[in-house]
Amino acid sequence: MKHTIGARWHRLTYKISHKIQQTRRLSRKTVALGFLLAGATLVAVVSLIFAHLADYALELNAQLVARHPWFAWVALPFGFMLIVWLTRRYAPYTVGSGIPQVLASLSLPYGPNKNRLINLPQTLLKIPLTFLGMLIGASIGREGPSVQVGAAVMSAWGKWCKKHNLAFRGLQENDLIAAGAAGGLAAAFNAPLAGVVFAIEELGRGVLLRWERQIFIGILAAGFVLVALEGNNPYFRGFTGVPLPDMTLWVLGCAAVCGMAGGLFARFLYKGVGWLLPAQGKKWAAKHPILLAGVLGLLLAALGTLYQGHLYGTGYMQASSALLGSTDFQPGVALAKWVATVLSYWAGIPGGIFTPSLTIGAMIGQQIAVWGGTVDYSGVIVLVCMTAFLAAATQSPLTASVVVMEMTGSQNLLFWLLVGSIIASQVSRQFSPKPFYHAAGARFRQRIQEESRSDRPAAAEPNHTTKEQA
């Protein structure tokens, strides 16, 4: 009897002890998940603030250009010079898109230089600098910068949690960077699924990531937090469309045209302005990057005036109206927007190419629809060209397809978007063999390694507008 009671008591105490251990493990996992969701919320909130600032800058620029025709001629050259000076002095690693910096950070070895390109205080300066660029009329976007800012926020949050032994002990630095970067993209486009695809296709290309469950949770959470705050509204609203007759031929034609245009676009961005200058011009540009920015600003002002201000900013309104069936455009506007975006990038200011690329594709689609006599189906052609040009510029066809699908709510056309983007990406490789973001990221990685060896300050580096456009 005593033996039976003792055995039962032993089993009971064992079960109680086991349940207590399970509860502790569950509690630790719950706490860790809470801190992960808190980090994703920070990324989403920062992206949301950035989005509202960008929208305000674009609206204010449109008003100023409409009221004062001379505004662009003053704001662009002097504004470019001011932004380049501020960038080189206070935030040299924020130049350009921001996605190359994240890719370089992922590929750098663990150590003191791992987060140098996504240092939080410096990276946060990318927000006001991009805001200023949009305010004066640069042809730039905020989505690439949102990726770099998201990576910096999540990385800094993870470091703080690890330092205080709160969470993320099982996650490596690359895991946090990837979660923040892809979460930034998901929040920027209000497209959670696109953030996951971006992480797999773009961030995981050539870099070993463990793809812990927490990474995907963090990415999706950032997108869902923005949906909760802003509503489940597509980035481009109101699009409806069905496949055209002879859809295969239309997709092949659009992919071929956008593949060539996007491939050349990526090549020009990567090569930099020095690629087109003679030897003396290259030396001058390298010695006088601020003056060079002013000259490029004047060229952009002249081009923008010729096209009545339709080249400034992201081009969101033009792309949106094209998706809704508008075919009212000036001849050559797609080429002009292409050049305007290249000039803005060459100037060496912070700003992305994601949304301007979509706008260029939309303008190409408008032209193709008119030439092909399919005005009634122009929205579908515009949609395919937006996806194809973005895929050609980035050589990330899956990301381009899913991003545009979520931005427009065009799930019924996803198959055709995939076909067009894959073909356009392959055509693009004939003009730009290495994906633009990764080629630019390699330059940032080399720059960090050279600075580490020579112990030179970033501001003393050679002119990034001619050497390391990224």
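FYI, side chains are in, hydrogens and waters are out, and symmetry mates aren't considered; it's all heavy atoms of this structure.
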TODO: Quick one: list whatever passes side chain to side chain contact (heavy atoms under 4.5 Å, CB included) with I368, sequence neighbours left out.
DONE: W250, C254, V257, I364, I381, C385
Task: Partners passing side chain to side chain contact (heavy atoms under 4.5 Å, CB included) against A442 (at least two apart in sequence or in another chain) - done: K434
- [ ] Could you name each residue pair satisfying side-chain hydrogen bond (donor to acceptor under 3.5 Å, both in side chains) that touches residues 132-141, not counting sequence neighbours?
- [x] S139-K337, S139-T341
Task: Residues in side chain to side chain contact (heavy atoms under 4.5 Å, CB included) contact with N190, at least two apart in sequence or another chain - done: L226, V227
Open item on the list: Suppose we screen for side chain to side chain contact (heavy atoms under 4.5 Å, CB included). Which residues come up paired with L398, at least two apart in sequence or across chains?
Closed with: V197, E201, L418
Task: Partner residues of T314 under the side-chain hydrogen bond (donor to acceptor under 3.5 Å, both in side chains) criterion, sequence neighbours left out - done: none
Task: Contacts of type ring-ring contact (aromatic ring centres under 6.0 Å, His included), residue W160, not counting sequence neighbours - done: W157, H164
- [ ] Please list, chain by chain and in numerical order, all residues satisfying side-chain hydrogen bond (donor to acceptor under 3.5 Å, both in side chains) with S155, sequence neighbours excluded.
- [x] E173
Task: ring pair (Phe, Tyr, Trp, His ring centres under 6.0 Å) pairs, two or more places apart, involving residues 415-434 - done: none
Open item on the list: So, using side-chain hydrogen bond (donor to acceptor under 3.5 Å, both in side chains) as the criterion, who are the partners of S428 when residues are at least two apart?
Closed with: Q395
Open item on the list: Determine whether the aromatic ring centres of residues W275 and Y270 are separated by less than 6.0 angstrom.
Closed with: no
TODO: Apply ring-ring contact (aromatic ring centres under 6.0 Å, His included) to F189 and list each qualifying residue two or more places apart in sequence or on a separate chain.
DONE: Y235, F354
Task: Partners passing side-chain hydrogen bond (donor to acceptor under 3.5 Å, both in side chains) against R445 (at least two apart in sequence or in another chain) - done: S107
